[in-house]
Amino acid sequence: MNEPVGLLHNMSAPPKSVVRYSGLAGLVQQVGPGGSGVTSLRYRNSEQHGEAVRFELPAEFGADSPTDILQSLGLQYENARDGAAARHLIQLINKRATELPLPEGCAVVKSLQTHSQRWPDPLAAIAALTKCTDTVWLRGKAPTLSNLTHRRSVSLLVPPDFLEQLKKATS
Amino acid sequence: MIQAGSRSYGPEDARALNDCLHLARGLLQVLEKECTASAADYVYALLPLLAQAKLELSPRRANMLFKAILAVHASSLALRADTAFGDSALHALRSSLPQRAEGIAIPEVKLLAAHREVLRAVNLSPHDPLRAILATAEPLERLKLAVRATRLPKGEFSRVVADSLAQLPIGGREAAIVHLFETGTVGRLNAAVASQIGESYRDIATQADFSETIHASHSRYRTWSRLKDLLARLNPADPRAHLQANALAALFSQKVLQTPEDAEGAFHAFSHTDALVRRP
């Protein structure tokens, strides 16, 4: 059954208004296609899920060998053998890693100066640098001291659910 | 037969066969009392793994396999007293799959992998969480069970997670990876598996920016247009919507999404999996 509906006059919206919800389509930009049919597409999203925390070794920090690292940390190590120094250093790294209020695993992201450096102590930086691969930091991973020869800083992405404990620990 | 000599068979051989059958019948009676639990566990754990390999067995077939395992093991023990249960089970399994008669090729590698996996499960303690995990066919359920089983050793946990992620649909896999990072569970994985999924997570959780030039006649252009429509359904104020958008965009840029249907499927798989993994 079709009943004619009377015209609605004096509405606040003009009769040809189109209400459209575009959601997150704004993240997508498109130029074209013109006559050539070529189209430029771009996707850009500046949102980040969580907070990036930066760890950095001071520029003058010596990290050529375990003994060197221990000396840079201000710890005099009597035993001249490098193996014993490495074992002692790994113990210190593992201990510091357990103290950091981070999740058991975090994503490694591109390190930027804008990321906050919550723990400026070099041992925290060593715990972050030696327990990460190119993409993840794992608290339970055995430290790889050779990472220190090619990397001086790293940023870890802390998920939103862990930010509260992070703030509590650093406040 | 190839190596058989040309000797004739007489009453002695008939007696030997008869003795052997008599012994096998006696052994079967013992096995039916003492070995039923292992055989049943084996079949129970095997069914979901066979289903994953596209070799589904009906409950009636499962019962036939159970009986065949006991019968084959009894016969094998009658011939060689040191026969292992696993060897008999594999022998029975190979002979009990109806797919071969239907002309369906049996993937031997998958069959052997399933058999070995199940033998491990059968040898596990009844309270070992890995038993329940291995007996679960649905990959997301396996992943959730593994996440909850906090005492699962790192190696086992990594293997279950890697297998489950590989079996999840595109989009669903990305949602599951987000869950592993959001809960910190990624820390229980070994470095190899964690590194692999870390790359995907970085694409999803961090700022994203990519561009591409394509021709409007290309199928990727239609996929892109569909993607844009799908993103329009997402709420900009919802952080999870941004994760979903980034996941889809990353899949598009990696050329994983080839058609508009792929984009649609990945969109729904992400939403569905994200809701399921976050359900308490």
Side-chain angles (χ1 to χ4, degrees), chain A residues 20-52 97 101-110 112 114-115 131-142 144 155-163 165, chain B residues 154 177-178 180-218 220-221 224-225 227-236 238-246 248-250 252-253:
Chain A
R20 191 178 172 199
Y21 178 75
S22 61
L24 279 175
L27 300 176
V28 170
Q29 289 165 8
Q30 186 175 322
V31 180
S36 64
V38 175
T39 313
S40 289
L41 316 172
R42 185 169 192 186
Y43 176 88
R44 197 174 190 182
N45 190 354
S46 56
E47 290 289 317
Q48 182 173 264
H49 194 61
E51 186 187 317
L102 296 169
E104 292 300 302
C106 292
V108 171
V109 294
K110 189 179 174 185
L112 301 173
T114 51
H115 295 158
K131 282 178 174 277
C132 70
T133 68
D134 286 343
T135 58
V136 285
W137 176 81
L138 301 167
R139 196 196 306 275
K141 182 183 175 300
T144 309
S155 286
L156 308 180
L157 184 63
V158 181
D161 287 354
F162 292 88
L163 292 179
Q165 71 177 51
Chain B
K154 186 177 274 196
I177 288 172
V178 167
L180 290 171
F181 274 90
E182 276 188 323
T183 53
T185 314
V186 65
R188 288 172 55 200
L189 292 170
N190 63 34
V193 178
S195 290
Q196 209 177 353
I197 66 168
E199 214 168 323
S200 296
Y201 181 70
R202 202 158 55 180
D203 289 340
I204 298 167
T206 58
Q207 293 156 350
D209 190 356
F210 80 87
S211 57
E212 189 177 327
T213 303
I214 51 175
H215 199 273
S217 62
H218 200 280
R220 275 178 67 70
Y221 179 72
W224 174 261
S225 301
L227 193 73
K228 199 175 162 183
D229 292 343
L230 291 164
L231 297 187
R233 296 183 198 170
L234 298 172
N235 177 6
D238 179 6
R240 307 210 73 74
H242 287 269
L243 293 172
Q244 188 169 4
N246 282 358
L248 289 171
F252 178 83
S253 75

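We use all heavy atoms of the structure for the numbers below, so side chains are in, but hydrogens, waters and symmetry mates are not. Lettering follows sequence order; numbering is per chain, from 1.
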Out of B:L189, B:I197, B:D209, which one racks up the most heavy-atom pairs below 4.5 Å with chain A?
B:D209
Please state whether the side chain, the backbone, both or neither of A:Q30 comes within less than 4.5 Å of a heavy atom of chain B.
side chain
Measure up the B:F181 and B:Y201 rings against each other and bin them: parallel (under 30°), tilted (30 to 60°), perpendicular (over 60°).
parallel
Checking B:F210 against chain A: side chain, backbone, both or neither under 4.5 Å from a heavy atom?
both
Could you work out, with side chain to side chain donor-acceptor pair (under 3.5 Å) as the rule, every residue matching A:E47, not counting sequence neighbours?
none
Under 3.5 Å side-chain donor-acceptor pair for B:E182 and A:H49:
yes
Tell me whether the count of non-hydrogen atoms from other residues, nucleotides or ligands lying under 6.0 Å of CD in B:Q196 goes above 12.
no
Quick one: what part of A:C132 sits under 4.5 Å from any heavy atom of chain B, side chain, backbone, both or neither?
neither
Name the region of B:L243, side chain, backbone, both or neither, that has any atom closer than 4.5 Å to a heavy atom of chain A.
side chain
Report the option among B:A241, B:P239, B:A191, B:G198 that has the most heavy-atom pairs separated by less than 4.5 Å from atoms of chain A.
B:G198
Side chain to side chain, B:T213 and A:T39, heavy atoms closer than 4.5 Å
no
Only counting residues at least two apart or in another chain, list the ones meeting side chain to side chain donor-acceptor pair (under 3.5 Å) with A:R139.
A:E104
With respect to chain B, which residue among A:S40, A:P103, A:A52 yields the maximal number of heavy-atom pairs within a distance under 4.5 Å?
A:S40
Pair count under 4.5 Å, heavy atoms only, with chain A: among B:T183, B:L180, B:I204, B:D238, highest is B:T183
Quick one: of B:L230, B:V186, B:V178, who has the most non-hydrogen atom pairs under 4.5 Å with chain A?
B:V186
Counting only non-hydrogen atoms closer than 4.5 Å, does A:N45 touch chain B with its backbone (N, CA, C, O), its side chain (CB onward), both, or neither?
both
Most chain B-contacting option - heavy-atom pairs closer than 4.5 Å, from A:A107, A:G26, A:G140:
A:A107
Does this structure show an ion pair linking B:E212 with B:R220, if we count only N-O contacts that are shorter than 4.0 Å?
yes
So for A:L41, is it side chain, backbone, both, or neither that comes closer than 4.5 Å to the heavy atoms of chain B?
both
May I ask you to test the A:V28-B:L227 pair for a side-chain heavy-atom distance under 4.5 Å?
no
